[in-house]
Each structure stands twice: as structure tokens, then as C-alpha cells.
**Q** 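Quick one: this structure, given as C-alpha cells, is what I'll be asking you about.
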Amino acid sequence: MSFKEVKDKNIALVTGATGGLGTAMCQKLLDDGYFVVANYRNEDTAARWHEKNLELGYDCAMVKGDVTSFDEVGEMVRSIKEKYGPVAVLINNAGITRDTPIWKMQLNQWQEVINTNLNSAFYCVRHVIEDMIAKGFGRIINISSVNGQRGQFGQTNYSAAKAGMHGFTKSLAMEVAKKGITVNTISPGYIATDMVMAVREEVRNKIVEQIPMGRLGGTEEIAHLVSFLASEKSAYITGANYAINGGQHVY
Ligand code: CAA
């Protein structure tokens with residue numbers, strides 16, 4: 001792709017791209033015609049992921065960066081800008097779990113989850129926002145969780161981070177509303193990803209029994225909403241939180 005072609009396209013950065021949700025988002029955004037930059041942390045996983053996607057006809061630019069480091073994110077965003085141009089669409093998708101009841105939770109399990117799932121959103125936004133303001137256009141989509149809305153046994157760390165993410169969305173949406181930038185949250189329920197499949201089978205089955213639709217969600221079901229919120233058609237939607245959870249939590 002020539003430099004001009006790259007410049008003419010809207011650049012979408014997806015953090016934690018090599019996970020189940022990230023993969024579906026990257027593929028959908030490529031289908032939509034974005035220039036997609038896939039953020040990753042682990043070289044080997046990323047190389048395998050990139051190869052597999054190329055075989056399927058999906059070509060993302062790959063960028064390494066630990067989203068728990070303010071400085072590393074800054075470096076990553078600068079390198080994207082130099083190589084391709086400023087980020088127009090940011091999907092804060094990177095997330096981890098360290099599930100355990102509070103009486104067993106270690107400090108590192110709390111900190112890792114808050115850093116990866118919540119602080120990362122500030123770090124990424126802080127480094128892309130000035131270019132979005134200068135351009136007068138931006139789309140920020142924060143991937144939260146049903147468990148940030150309703151709580152979940154074993155997830156005080158995760159629920160706190162995911163609920164915090166939506167608070168961040170609301171304030172940020174107000175601050176940048178006049179700048180052509182929208183900021184929204186998506187709160188997926190239990191989606192068929194490695195993260196959900198890592199929950200012990202009998203525990204997971206009990207959770208699925210409580211989902212009115214009686215099934216896990218598909219990654220593409222989240223990606224379609226990302227695609228809509230990233231588009232120009234969603235211009236009047238900001239500060240919103242979209243639940244996609246099969247009816248598991250209605251309010
Ligand atoms: N409500 C009330 N009590 C519960 C409970 C619940 N939902 N779940 C477990 N307990 C109780 C158990 O009955 C047990 O009580 P007793 O000791 O009196 O028998 C006690 O808590 C310990 O339960 P476990 O044996 O399950 O404890 P554990 O330490 O082996 O496992 C856990 C704890 C890892 C948190 C496990 O319960 C678990 O995996 N829970 C599911 C967590 C979950 O849903 N994670 C989502 C991951 S995917 C994701 O996060 C994506 C997304 O956004 C949706």
C-alpha cells in the first residue's frame with residue numbers, strides 16, 4: 001500500500017488485537033476499508049496470528065506495545081503516526097482476567113487487571129487525543145463487560161476496571177463532544193473466546209444456563225457494533241454504553 005493510500009484511509013488501532021474479540025474487530029474493520037493497526041504484546045503469538053490472518057486475506061499492520069506502560073504506548077502511537085498517519089479510530093480492547101474471591105486476591109492480581117483493563121484506556125487516549133482534536137474527527141470505543149455493569153463472584157478487580165471504563169467514557173465524551181470525536185462503551189456478555197472458555201466448565205455451564213438466550217455470544221456480534229460505532233453514521237451517539245449479552249443483564 002502506497003503512502004498516499006495509507007494517508008487517505010482512516011487508521012484504526014485495536015489494542016489486544018490477537019484475542020478473540022480483537023481478531024473479529026480487526027477483520028470487520030478491514031472489510032469496512034479501514035487501515036487497521038493491530039497492537040500486540042507477545043511476538044510469537046502475534047507472528048502466528050498475522051500469518052493465519054494473511055491466509056484468510058486479512059492484512060493488518062502489526063505494532064508491538066505493552067498497554068500497561070504509559071511511555072511504551074506513547075512510543076507506539078508515535079511510530080504509527082510516522083509510518084502511516086494519526087489514529088482516527090481507537091478501540092480499547094486489551095483485557096485480562098485474574099479471577100479469584102477477594103479473600104484470596106493478591107496485590108499483583110488486582111494491579112495487573114486495573115493496569116491492563118483500565119489504565120491502558122487512559123494511556124492510549126492520552127496519546128491519540130490531540131491528533132483527533134486537530135483533525136476534528138475521532139472514534140473511541142471502550143470494550144467493557146456485562147460484569148462491569150452487574151458484578152460477578154470472583155471478579156472484584158475486573159468489575160472495578162470495567163465499570164471504571166464506562167465512567168471514563170462518560171466524562172471523556174463530554175470533554176470532546178464539540179471536537180467531532182465520539183466516545184462509547186460496549187459491554188459484551190459471555191462471548192465464545194479463550195477468556196470465557198478458561199472458566200471452569202461446570203462454572204461456565206451454570207452461567208450459560210442463566211443467559212436467557214441460552215448460548216454464548218459470537219465474536220462477530222461484537223465486531224458488527226464496533227463497525228457501526230466507528231462509522232460516520234454513528235456521529236450523534238456519544239457517552240453511551242451498549243450491552244450485548246443475550247439478555248443476561250437487562251436494566
Ligand atoms: N455466588 C455465590 N457463591 C459462589 C459463587 C457465586 N456466583 N461462585 C462460587 N461461590 C462460592 C462457592 O459455592 C464456594 O463456597 P463454599 O466454599 O462455601 O463451598 C466458594 O464460593 C468457592 O467457590 P469455588 O470453588 O468456585 O472457588 P475457586 O477459588 O475454585 O474459584 C473462581 C473461584 C475462580 C472465581 C470461580 O468461581 C470462577 O471461575 N467463577 C467465574 C468467574 C467468571 O465468571 N469469570 C468470567 C471470566 S470471562 C470474562 O470476564 C469476560 C467477560 O467480560 C464476561
Side-chain angles (χ1 to χ4, degrees), residues 14-26 28 39-41 45 67-68 90-121 124 140-170 184-226 229 240-251:
V14 179
T15 68
T18 58
L21 288 180
T23 304
M25 289 170 199
C26 288
K28 179 69 182 116
N39 155 261
Y40 66 92
R41 196 171 47 171
T45 311
V67 292
T68 67
L90 168 66
I91 323 287
N92 282 313
N93 168 66
I96 58 167
T97 52
R98 295 287 181 269
D99 294 354
T100 191
I102 193 78
W103 52 88
K104 290 191 211 160
M105 191 171 289
Q106 302 300 308
L107 181 61
N108 68 309
Q109 293 174 309
W110 174 267
Q111 288 174 333
E112 282 166 23
V113 169
I114 301 293
N115 287 338
T116 308
N117 299 12
L118 179 60
N119 291 342
S120 62
C124 292
I140 297 171
I141 302 166
N142 294 321
I143 306 302
S144 178
S145 165
V146 65
N147 293 341
Q149 299 182 290
R150 62 164 206 153
Q152 168 64 40
F153 185 101
Q155 288 201 309
T156 51
N157 49 4
Y158 187 87
S159 299
K162 294 298 192 180
M165 219 177 192
H166 188 54
F168 177 67
T169 293
K170 291 189 281 188
N184 292 291
T185 305
I186 298 176
S187 291
Y190 283 71
I191 310 298
T193 60
D194 289 348
M195 182 187 271
V196 166
M197 298 320 277
V199 174
R200 242 180 21 241
E201 195 178 358
E202 73 271 20
V203 175
R204 194 177 62 244
N205 288 343
K206 273 198 194 133
I207 293 170
V208 175
E209 278 168 22
Q210 289 158 13
I211 301 173
M213 285 195 189
R215 67 169 175 90
L216 298 175
T219 54
E220 71 292 347
E221 292 177 294
I222 308 301
H224 278 283
L225 182 56
V226 167
L229 290 175
N241 186 7
Y242 282 82
I244 311 190
N245 61 38
Q248 188 181 9
H249 178 66
V250 291
Y251 61 99

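First listed ligand is number 1; within each ligand, the first listed atom is number 1.
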**Q** Give me the atom names and distance for the closest heavy-atom approach of I211 to Y190.
**A**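 For I211 versus Y190, the nearest heavy atoms are CD1-CB, 4.2 Å.
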
**Q** Looking at ligand 1, does any of its N/O atoms fall within less than 3.5 Å of an N/O of K104?
**A**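 Checking ligand 1 against K104, an N or O pair does fall under 3.5 Å apart.
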
**Q** Could you pull out, from Q152, R200, Q155, M195, the option with a heavy atom nearest to atom 46 (C) of ligand 1?
**A**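 The nearest heavy atom belongs to Q155.
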
**Q** Can you check whether N147 has an N/O within less than 3.5 Å of an N/O in ligand 1?
**A**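 Between N147 and ligand 1 (N or O atoms, distance only) the closest approach is not under 3.5 Å.
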
**Q** For P188 and S144, which heavy atoms make the closest approach, and how far apart are they?
**A**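 Answer, listing the atom of P188 first, then S144: CD-O, 3.2 Å.
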
**Q** Look only at the side chain of E201 and the backbone of V199, and say whether a donor-acceptor pair between them is shorter than 3.5 Å.
**A**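 Checking the backbone N and O of V199 against the side chain of E201, no donor-acceptor pair under 3.5 Å is found.
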
**Q** Taking the minimum heavy-atom distance to atom 48 (S) of ligand 1, which of V203, I96, V196 ranks first?
**A**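 Considering heavy atoms of V203, I96, V196, the nearest to atom 48 (S) of ligand 1 sits in V196.
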
**Q** Do the side chain of N93 and the main chain of I143 share a donor and acceptor less than 3.5 angstrom apart?
**A**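 Absent.
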
**Q** Show your reasoning for whether side chain to side chain contact (heavy atoms under 4.5 Å, CB included) applies to M197 and L216.
**A** CA-CA 10 Å; M197 298 320 277; L216 298 175; 4.0 Å; yes

**Q** Distance from Q155 atom CD to M105 atom CE, nearest 0.5 Å?
**A**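 The CE atom of M105 is 8.5 Å from CD of Q155, to the nearest 0.5 Å.
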
**Q** Can you confirm whether some protein heavy atom lies under 4.0 Å from atom 10 (N) of ligand 1, or whether none does?
**A**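 Yes, at least one protein heavy atom sits under 4.0 Å from atom 10 (N) of ligand 1.
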
**Q** In the protein, what heavy atom is nearest to atom 12 (C) of ligand 1, and what distance, to one decimal place, separates them?
**A**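 In this structure, atom 12 (C) of ligand 1 has F153 CZ, 4.9 Å as its nearest protein heavy atom.
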
**Q** Short list, please: which atoms of ligand 1 are under 4.0 Å from a heavy atom of D99?
**A**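 With D99 as reference, the close atoms of ligand 1 come out as 34 (C), 42 (C), 43 (C), 45 (N), 46 (C), 47 (C).
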
**Q** Take atom 7 (N) of ligand 1 and look for protein heavy atoms under 4.0 Å from it; say yes if you find one, no if not.
**A**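 Yes; the ligand atom in question has protein heavy-atom contact below 4.0 Å.
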
**Q** Name all residues meeting the ring pair (Phe, Tyr, Trp, His ring centres under 6.0 Å) criterion together with H249; count only those two or more places apart in sequence or in a different chain, and write none if there are none.
**A**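 Applying ring pair (Phe, Tyr, Trp, His ring centres under 6.0 Å) to H249 gives Y251.
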
**Q** Would you check if the side chain of N39 reaches a backbone N or O of V14 as a donor-acceptor pair within less than 3.5 Å?
**A**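 No, N39 side chain to V14 backbone: no donor-acceptor pair under 3.5 Å.
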
**Q** Among all protein heavy atoms in this structure, tell me which lies nearest to atom 33 (C) of ligand 1, with the distance rounded to 0.1 Å.
**A**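 Heavy-atom neighbour on the protein nearest atom 33 (C) of ligand 1: P101 CD, 4.0 Å.
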
**Q** Hey, which atoms in ligand 1 end up nearer than 4.0 Å to a heavy atom of T97?
**A**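 Going through ligand 1 atom by atom, the ones under 4.0 Å from T97 are 50 (O).
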
**Q** Looking only at protein heavy atoms, identify the closest one to atom 39 (O) of ligand 1 and say how far it is in Å.
**A**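 Looking at atom 39 (O) of ligand 1, the protein heavy atom closest to it is V199 CG1, 3.9 Å.
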
**Q** Below 4.0 angstrom from a heavy atom of G154, which ligand 1 atoms are there? Numbered from 1 as shown, please.
**A**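 Ligand 1 atoms under the 4.0 Å threshold to G154: 35 (C).
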
**Q** Under 4.0 Å from atom 1 (N) of ligand 1, is there any protein heavy atom?
**A**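 When distances to the protein are checked, atom 1 (N) of ligand 1 has a heavy atom within 4.0 Å.
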
**Q** Report the part of K162 in contact with ligand 1, treating N, CA, C, O as backbone and CB onward as side chain, heavy atoms under 4.0 Å; options are side chain, backbone, both, neither.
**A**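 Under 4.0 Å from ligand 1, K162 contributes no heavy atoms.
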
**Q** Within the 4.0 Å heavy-atom shell around S145, which atoms of ligand 1 are there?
**A**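 With S145 as reference, the close atoms of ligand 1 come out as 52 (C), 53 (O), 54 (C).
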
**Q** Which ligand 1 atoms are under 4.0 Å away from a heavy-atom of I207?
**A**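 Near I207, the atoms of ligand 1 are 44 (O).
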
**Q** Any protein heavy atom sitting closer than 4.0 Å to atom 14 (C) of ligand 1?
**A**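 No, there is no protein heavy atom closer to it than 4.0 Å.
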
**Q** How close do V67 and C124 get, heavy atom to heavy atom, and via which atoms?
**A**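 Taking V67 first and C124 second, the nearest heavy atoms are CG1-SG, 4.3 Å.
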
**Q** Determine, step by step, whether K28 and E220 satisfy the side chain to side chain contact (heavy atoms under 4.5 Å, CB included) criterion, reporting the C-alpha distance in whole Å, the side-chain angles of both residues, the deciding distance to 0.1 Å, and the verdict.
**A** CA-CA 8 Å; K28 179 69 182 116; E220 71 292 347; over 6 Å; no

**Q** If you measure every N/O of T100 against every N/O of ligand 1, is any gap under 3.5 Å?
**A**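 The answer is no, given that T100 and ligand 1 share no N or O pair closer than 3.5 Å.
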
**Q** Apply side-chain hydrogen bond (donor to acceptor under 3.5 Å, both in side chains) to E221 and list each qualifying residue two or more places apart in sequence or on a separate chain.
**A**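 Checked E221 against side-chain hydrogen bond (donor to acceptor under 3.5 Å, both in side chains); matches are R215.
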
**Q** Of all the heavy atoms in A198, does at least one lie under 4.0 Å from an atom in ligand 1?
**A**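 Distance cut 4.0 Å: A198 fails for ligand 1.
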
**Q** So, N92 side chain and T15 main chain: donor-acceptor pair closer than 3.5 Å or not?
**A**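 Not at all, since once roles are kept as given, no pair shorter than 3.5 Å links the two residues.
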
**Q** Report the nearest protein non-hydrogen atom to atom 51 (C) of ligand 1: residue, atom name, distance rounded to 0.1 Å.
**A**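 Among all protein heavy atoms, the one nearest atom 51 (C) of ligand 1 is Y158 OH, 3.4 Å.
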
**Q** Between N157 and Q109 (side chain of the first, backbone of the second, donor and acceptor by atom type, cut-off under 3.5 Å), is there such a pair?
**A**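 Yes; at least one donor-acceptor contact below 3.5 Å.
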
**Q** Would you say atom 18 (O) of ligand 1 makes contact with the protein, given that contact here means a non-hydrogen protein atom less than 4.0 Å away?
**A**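 When distances to the protein are checked, atom 18 (O) of ligand 1 has no heavy atom within 4.0 Å.
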
**Q** Is there a nitrogen or oxygen of Y190 sitting under 3.5 Å from a nitrogen or oxygen of ligand 1?
**A**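 Between Y190 and ligand 1 (N or O atoms, distance only) the closest approach is under 3.5 Å.
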
